[in-house]
Structure formats: structure tokens, C-alpha cells
Amino acid sequence: MCGIIGYTGHRPAVPIVIEGLKRLEYRGYDSSGVAFIQNRSLLSIRAEGKLEMLEQKLAKSDPYLATTGMGHTRWATHGAPNEQNAHPHQDQTGRLALVHNGIIENYQSLKQDLKQEGVIFQSETDTEVLVQLISHLMKRDELGLPEAISRTLQQVEGAYALAVISADHPDELWAARNSSPLLLGVGTGENFVASDIPAFLASTREVVFLDDHELVCIRPDSWRVYSGHTLEPVDKAPQHVDWDVQSAQKSGHKHFMIKEILEQPGVIRDCLAGRVDRDRGRVVLKELETLAVPARLHIVACGTSFHAGLWAKYILEQWSGLAVQVDIASEFRYRDPIVLPEDLVIVISQSGETADTLAGLRIAREKGVPVLGICNVLGSAVARESDLVLYTQAGPEISVASTKAMCSQMVLLVLLALYWGQESGRLKSASLSRALQEMEGLPERLEKALPALRETAGFLAQTYSAARSFFYLGRGSNYPLALEGALKLKEISYIHAEGYAAGEMKHGPIALIDANLPTFALITENDLLPKLRSNLQEVQARGGPVIGLTSSALDVGAEDRWEIPRAWGVLDAFFMLPALQLFAYEMAVYLGKDVDQPRNLAKSVTVE
Ligand code: F6R
């Protein structure tokens, strides 16, 4: 979950590396550093804290003119987040520097061996073992840099994306990956490696997706991919990505989070594009053409993506008639799930690199069950390892709190539910057409609704800003949204919040209710409304204030009523979700929290 960028070209490397790190800071932000080669010497500058601390340090010197360099932004796993443990790490000679994202599981034993050989370590990290071992092998076995990297990687266990520079090869940067993301950006007279596309998007949109156990060498005018084991060249071709630079920038917004919340109408539009045949009133999912309607579905995901999966269970069961099981990936991977070859496992991941989700995917494949990956990041591990992939096409999501990704996942899951309903003949064509019509109308309706939603969210956030805890209650498909509303509030405002199935409150949590604990109720006009009303009365009878987020015109007797536009059945989720996101956002802004980079978090969780 750290971010890596490497550059070699004709321009000064340090500003390019810093700009790249800014685009990657969502991946980790407890320390950062750069290394570059100037006058055949290797210089490394590191700082504890956010990237601006590193920038302040760099600003104290004259501009650096090096044209080869690399940078790293860290989310600590081994060793405290201080300068000493920040990357890049150097070998004993100070001629080699290395940045790394991932975890080296056998670093203790490698470190022990190297210590016995007289190597002195400077940090507590697992990463330092890599650079010391490469250097040690170069010296002891008289190996060249690529040979030593290759030999080192054959000895390490675990996940890595790494980049190495050497003062003895000033125009060269080597990089490798296994289970952690790393891409090559192909420019003109310059080349890049990075953990994610936005890092070099301002310079090139030509991308080479590296595979596990591949090694790449970039020079200003050339690049070459090799097998990490044999050093045999591997043929690779760049692919053009159509993300634009703006999509990776704040474009006038105060935070990425608000920009991404407000992008949701466009996200829905993009996600539907090419997947709806209006004339025939049918869903077209070309990616699934070779797949028969599965017997059962198993959805596996983490965090917000898990909530999208849980929400989809309700519509998948109703519209497609398929039995659906939804699992948190970290649980799925360690039980012995009963998944059969005629089933389908759906893994949902924005980043496509969440460690637990990937493990779930691999277990399913080992059991011979086909896997459908729903993910946002092109060429990510989930995309490569799944049998079939549906991209959510939401564009880069930079804010650590996921917003538009969930919206896009929900759109795809709606399409899937309709598709299997259509293919199995269960869904009547009138219902199918109605649902598709509603979906297609959503972007415009949401666009119009967002300003008012934001205003009410701001008002309510201020009204309830003294609360130290919240309940979020919903029934049916509003229950997963309640979980998501609570998660968003927790992660960016640090206010405790619990999402609950409204009917479950009386089995314990109601004991917590008092006048200082507001309840956010998610209200849709359906058969469950009278039951939800009773649950809310139980809360109010104990002095708890209720905020009613409702798509119904009916009075639910809430202390604060927040009416949102009404949509067809469960589709009002596409208004409820942004309302919940906006409430969390406005609360965090009002309380002065670090919205885009909340404490202790990182966007891609590539560790267990
Ligand atoms: C919450 C959030 C996380 C992610 C989770 C899964 O706002 O961002 O809960 O949803 O870490 O990430 P992906 O979808 O990348 O697998």
C-alpha cells in the first residue's frame, strides 16, 4: 500500500517524481523520500510525515538537476513511520538505492544471514534486506545489477513492487513486481515506472502492465521487460489508456472526496455506456457471453466494496432468482467455503489489489469455480487473475474514502441482476425495460439533486456535530447502505457509528440509545416501512433523536427529515448513497479533519 514512482529521461527527475508522489499519496502518507543520481553520486532525501515535509526539505537546497530518480510514499508495516524507516533504502556502499511496496515475509532470516556476513542495517524495515542482499550478491558473487536483483528475488518470499537505481548506471532504473502493482509508462525520450497510472498520466497514457516475476529496465530512450527468473527478454506492448489528467486532479474542489462524490452522475453514465440496448430493452454484457447462467453466486469483497455486494444480494435474488452468498474476503479465505463448479464467484474491488480479496479469488480458482472480477483499476491483479472482468469505468479514485467506486459497482451489479433475470427468462420484459429506463434517467436526476443534497448534508452535519456516536438503521437493501453510511462517517470524521439492520436493534444495541445518540434512519416506501416506523418509535421512546433520510413523502415522525428524490424501488439507493457520503464529508470538513487522507488508513490494503 505504499506508492512508487521511478523516472529516467531528459527532464529534471526530482520535480517529476514529487508530482508523481502527489498522485500516489493516497496509497500511504506517513513518510516519503526520493533518491536520484547526480554527478555519479546517489543522493537520498527522506522525511517523516506527509509529502509536504519532504517538499520543504527539498526546497532548502538548490534545484536538483538529476535526470534519473525515484520516490516513495509509505504506509508503515515494519518499523515505525519515521525518517530512518522511510524509503528509499540504501546499501552499505551508498551506491544503490531501492524503494519497495509489499511485505517480505522471510526478511528476518535473510537479515540474520546478512548480519552474519557483516552487513550492518540502518532501519527496522523488511525492505532494507532487499537492497543489502542485492549489493551483497554483487560484491560476493561478482554479479551485475540485473543478475543480483534476479537472484535476490528468487530468495525472497512475499509481495513486492520495487525499483532500484545505482550510481554506477546513472541513466538506468530497474524495477520488478510480484503481487504488488507496478506499471511502466512509455514516454518520448523518457520512461516511468509507478504503482498506479495517475503518477505519470500528465506525461504519458501509454502503459505496459507488468506481470508477476517480471523485471524491467528503463532508460531515457528504451525499455525492456525480462523474466525475473531467467533474465530472458519478454515481449510486451504498450496499451493506450483513456483516463484524462483532470480525472486525477482536484479540478478546483477542496478535496478529492467531494470531487468524486459529485462525479457520480457521470460515473453512472459511463458505467451504463454500451451495456444497454435501448431498442430491444435488453442488457448487453459482452464479457459474459460465454458464461451460462450460474447456479449460485458467491460475492467476496472488503469494506465499501463488500457493502456494494451485500446491497446487490437483494436485487440479484429478486430479479435473477439466483441464490447469493456474500462474504467479507478475510473471512471467506480462512473457512472452507462450499463453492461448486457450476457456481460463480464475484470478487469486487476498486483497486483490484486488496490482499484478502485476491486470496478469495485464488481460493475460488483453486476449487475450479469461475471468477468474475468487478474492478476499477485497469490491469490490476483482480483483473488479470479473474476468468472474466467487468470494469466499473469510474476513473481514478484518489480519496481514501471510497465513494464513486461503490456507485459504479452498484450500477454493474444492477446490470448483472437484470442480465441474469433476462437470460433465465425470470424477469418480465416490462420490468426489465422499466428498470433500464430508470437507470438511464438517473445521471440527470442525480446531477440536479446533488446541490440540494450537499446543502442539507452541511446543515445536518453542523446540527449534529457534537454527537460522539451515531446509529445508522435500515431494513432490506437499505441495511447495507446503513453499514456504508456508518463506515464513511467513522473513517473520515472519527465519530463512532454503527450500521444496523433496524429489526435487530431490539436484540441489544437499543441499550445504548439516549438523547445524545442520534439515529440515521434510511427510509424507503415499501412493505417494510410500517416495521421500520415501529423500530424508530422504539428509539424515540428512549429519547433518541432520529434523522429520517427518506425517499417517501409519508411522515415518519423523525426529528429531522431529509427528503431525497424517489426512484423505482431499490434504485433510490443511488440518491441515498451520495446523501450519506455528503453527510460524512460535511461532518469531517466541519470538524476540521483530514478528509482525503484520514489517519491510520491507506487506500489499497495489500497486506492482511
Ligand atoms: C472505505 C474504503 C475501504 C475499501 C476496502 C476495499 O471507504 O475505501 O473500505 O472499500 O479497502 O478496497 P477495494 O475495493 O480496493 O478492494
Side-chain angles (χ1 to χ4, degrees), residues 1 3 26-29 75 179-181 195-196 255-258 260-261 264 267 299-312 326-333 345-362 371 373-383 385-386 389-392 394-410 412-413 472 480-481 483-494 497 499 577-578 580-585 587-588 593-608:
M1 19 231 264
Y26 71 87
R27 301 179 66 83
Y29 33 85
W75 186 84
S179 299
S180 292
S195 308
D196 199 357
H255 300 105
F256 278 111
M257 182 173 177
I258 187 67
E260 290 162 8
I261 292 173
Q264 289 175 112
V267 162
I299 300 180
V300 179
C302 299
T304 293
S305 298
F306 167 73
H307 295 156
L310 202 55
W311 178 82
V326 190
D327 270 281
I328 293 172
S330 54
E331 292 297 317
F332 180 84
R333 66 181 291 189
V345 170
I346 303 180
V347 297
I348 309 175
S349 175
Q350 186 285 130
S351 60
E353 56 172 292
T354 302
D356 288 320
T357 307
L358 266 171
L361 181 160
R362 289 172 186 153
V371 174
I374 293 187
C375 73
N376 193 37
V377 176
L378 301 174
S380 60
V382 163
E385 295 189 32
S386 298
V389 187
L390 286 173
Y391 281 113
T392 50
E397 189 181 65
I398 308 242
S399 166
V400 165
S402 181
T403 54
K404 63 174 180 173
M406 178 164 178
C407 172
S408 64
Q409 292 162 352
M410 285 164 50
L412 268 185
L413 289 158
Y472 282 71
L481 296 180
L483 295 177
E484 176 61 9
L487 176 66
K488 283 288 94 82
L489 190 70
K490 275 185 273 212
E491 62 180 333
I492 59 168
S493 72
Y494 316 145
L577 179 69
L580 294 166
Q581 296 164 344
L582 284 164
F583 178 73
Y585 172 77
M587 182 69 92
K593 306 296 184 208
D594 190 344
V595 174
D596 281 337
Q597 292 166 354
R599 69 184 182 204
N600 305 339
L601 295 178
K603 188 146 185 76
S604 317
V605 187
T606 52
V607 293
E608 274 197 59

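All figures in this text were calculated on a predicted structure; none of them were measured in a lab. Counting starts at 1 for both ligands and their atoms, following the listed order.
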Check: Relative to the heavy atoms of A401, which atoms of ligand 1 are at a distance of less than 4.0 Å?
Finding: 7 (O)
Check: Looking just at side-chain N and O atoms, do E484 and T304 make a donor-acceptor pair shorter than 3.5 Å?
Finding: yes
Note to self: Under 4.0 Å, counting heavy atoms only: does H307 come that close to any atom of ligand 1?
What the structure shows: no
Notebook entry, point to check: Looking only at heavy atoms, what is the nearest atom pair of I492 and A584, with distance?
Noted result: CD1-O, 3.4 Å
Check: Quick one: ring-ring contact (aromatic ring centres under 6.0 Å, His included) partners of Y26, sequence neighbours excluded?
Finding: none
Check: Nearest protein heavy atom to atom 15 (O) of ligand 1, by residue and atom, and its distance?
Finding: S351 OG, 2.6 Å
Next item on the list: Give the atoms of ligand 1, by number and element, whose distance to some non-hydrogen atom of K488 is under 4.0 Å.
Entry: 1 (C), 7 (O)
Checklist line | V400-ligand 1 polar pair, N/O distance under 3.5 Å | finding: yes
Item checked: Atom pair CG/CD1 of L413 and I374 - distance to nearest 0.5 Å -> 4.5 Å
Item checked: Protein contact to atom 4 (C) of ligand 1 [nearest heavy atom, distance to 0.1 Å] -> T304 N, 4.0 Å
Next item on the list: Could you list which atoms of ligand 1 come closer than 4.0 Å to a heavy atom of S349?
Entry: 13 (P), 14 (O), 15 (O), 16 (O)
Note to self: Looking at S493, is its backbone amide N or carbonyl O close enough to the side chain of K488 to form a donor-acceptor pair, meaning the two atoms are under 3.5 Å apart?
What the structure shows: no
Next item on the list: May I have the step-by-step check of side chain to side chain contact (heavy atoms under 4.5 Å, CB included) for T392 and Q409, ending in yes or no?
Entry: CA-CA 6 Å; T392 50; Q409 292 162 352; 4.1 Å; yes
Notebook entry, point to check: Is the closest side-chain donor-acceptor distance between E397 and S402 under 3.5 Å?
Noted result: yes
Check: ligand 1 and E491, any nitrogen or oxygen pair closer than 3.5 angstrom?
Finding: yes
Item checked: Residue and atom name of the nearest protein heavy atom (relative to atom 11 (O) of ligand 1), distance in Å to one decimal -> V605 CG2, 4.0 Å
Notebook entry, point to check: Which protein heavy atom lies closest to atom 5 (C) of ligand 1, and at what distance to 0.1 Å?
Noted result: C302 O, 3.7 Å
Notebook entry, point to check: Between atom CG of L601 and atom CG of D596, what is the distance when rounded to the nearest 0.5 Å?
Noted result: 12.0 Å
Notebook entry, point to check: Taking the non-hydrogen atoms of V382, is any one of them nearer than 4.0 angstrom to ligand 1?
Noted result: no
Notebook entry, point to check: Side chains of Y472 and L580: does their closest heavy-atom pair fall under 4.5 Å?
Noted result: yes
Check: Where is the nearest protein heavy atom to atom 12 (O) of ligand 1: which residue, which atom, and how far?
Finding: T354 OG1, 3.5 Å
Notebook entry, point to check: Just distances here: any N/O of S305 and N/O of ligand 1 closer than 3.5 Å?
Noted result: yes
